[in-house]
Amino acid sequence: MLIKDIRVHMREAALAAENQYAYAQAWTRHRRAIFCEIQTDTGLVGWGEAYPGFGVAIRDFIEHVYRPILLGQDPRDTEVLWDRCYQRVRDQGRKGVAMVALSAIDIALWDLRGKAAREPVWRQLGGRYRERVPTYATGLFHFPGADPMLILQKRASELVKRGFRAIKLACGFGLGRDIERVRAVRDAIGRDIRLMIDANQAYTATEAIQLANRIAQYNIAWLEEPVPPEDLAGYRRVRAAVPIPIAGGEVEYTHYGIRDLIAADAVDILQPDITITGGFTAYRRILVLAQAHNVAVCPHGWVSAVGLLANVQLCAVIPPLPPRLFEDGPILELDETVNPFGRSLLGATFRMEGDVITVPEEPGLGEGIRLSGVAADEG
Ligand code: CA
């Protein structure tokens, strides 16, 4: 089986006014998705996805940098091809666009590897630890309106009603406002729902410590990205000073980048994103590091259809960290904002009940991705 062609499909849709929101760094008014399609001489097709932040630049990287390396190669040689692509960009592309683009390629290669073997990706990766993947809902951002706290409480209650037992709240809007948001959401959801807080890099270590100490009484499962990602000393300070577990790593790249996070003792919970950090191949190397250092891994998930399927396969193969009789992780982040390129593109192999997704038995990422439409409607 040889790679015949690689195509990139870019999608964008404006969000209706009531579905627009802000996180700590910016307003979100559009939804974008980048899918990568790898065609082979056998007729088998593999699908990947890249985090869409840099649009055209990612398409150019795939088409002009990686495509020439991959054409004519056997897609099942995932380790070798990843290393060849990485070596091509090593000097100027160890992080950022080059790795995001490589993520899409690598996910598509693993989809092909599974389809060629008629096995799900999780079996190709060495087998699954679990048949069902628990998720938590992300969606409590800042929504404009006459009474933002009431909107927040209403949305939080809706998520609980739909069956979510864990919810993440966007913070980083200033200490006073954050404390008000945490109190409002905890009031709305009651004591039994797990509540995570995401500061989206908005604070200094000192501010993050103040925030954590003020909200610890609300039983917070973790505090995510308290400081900018470069501030490893800040991460360490926050982690040493507060009673809440610290999470981070969604914008870190490859096993090399995650190695530095681990070496700095920066986080309790690693959150690499498979559509950013380098796909399955980088992730399996990350998992070896995490296991060796006994650090928990809960994948970041700001993905569309293909990325979601990849995340489900990934969560199936993350080893228990640490192993114990009553396991409680990993828990997958599920984007509960409006995304026209998300679950609506998935076929019957995507099965979710309440907040739990069933790990598919079908080959590759799971058959039934309705992406033929995505490819067909391009001019
Ligand atoms: Ca986050």
Side-chain angles (χ1 to χ4, degrees), residues 21-28 31-32 49-54 95-96 99-100 103 134-143 152 155-156 159 164 166-174 177-178 181-182 185 194-205 207-208 211-212 215 220-232 234-235 238-239 242 244-253 257-258 261 266-277 283 286 295-304 307-308 310-311 314-315 329-339 342:
Y21 54 86
Y23 68 109
Q25 303 295 343
W27 283 92
T28 301
R31 192 71 201 214
R32 298 179 178 88
E49 182 179 330
Y51 189 87
F54 291 108
K95 296 180 193 241
M99 288 304 107
V100 176
S103 301
T135 69
Y136 70 89
T138 293
L140 298 181
F141 293 95
H142 167 68
F143 295 93
L152 201 56
R155 286 181 179 256
L159 291 171
F164 284 103
I167 294 175
K168 193 159 76 190
L169 171 66
C171 284
F173 301 108
R177 204 173 287 142
D178 282 0
R181 288 170 67 81
V182 173
V185 168
R194 278 176 86 187
L195 179 60
M196 298 84 151
I197 303 298
D198 191 347
N200 286 113
Q201 317 171 358
Y203 290 127
T204 65
E207 290 170 328
L211 174 67
I215 61 174
I220 306 301
W222 74 58
L223 171 60
E224 180 170 323
E225 288 202 303
V227 297
E230 302 87 349
D231 185 9
L232 295 183
Y235 262 101
V238 176
R239 190 173 170 225
V242 307
I244 303 173
I246 301 301
E250 68 179 73
V251 293
E252 194 47 81
Y253 299 87
I258 295 296
L261 265 185
V267 298
D268 298 281
I269 299 141
L270 285 166
Q271 302 175 296
D273 185 316
I274 196 166
T275 67
I276 292 175
T277 203
Y283 223 113
I286 287 169
V295 184
V297 177
C298 289
H300 180 254
W302 200 251
V303 289
S304 291
L308 176 55
N311 265 335
L314 177 66
C315 283
I331 188 166
L332 173 63
E333 177 171 27
L334 204 63
D335 167 17
E336 284 297 314
T337 64
V338 171
N339 178 5

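Just follow the structure's listing: the first ligand is 1, and inside any ligand the first atom is 1.
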Do Glu49 and Thr275 pair up side chain to side chain, a donor and an acceptor below 3.5 Å, judged on atom types alone?
no
Whether the side chain of Asp198 engages the backbone of Ala170 through a donor-acceptor N/O pair (distance < 3.5 Å, no angle test) should be reported.
no
Ring center gap for Trp222 and Tyr136 short of 6.0 angstrom
yes
Non-hydrogen side-chain atoms of Tyr283 and Val297 separated by less than 4.5 Å:
yes
Give every protein N, O or S atom lying under 3.0 Å from the Ca ion (ligand 1), naming each by residue and atom.
Asp198 OD2, Glu224 OE2, Glu250 OE1
Considering only heavy atoms from C-beta outward, does the side chain of Leu334 approach that of Leu308 to under 4.5 Å?
yes
Could you tell me whether the side chain of Arg31 reaches within less than 4.5 Å of the side chain of Asp335, counting heavy atoms only?
yes
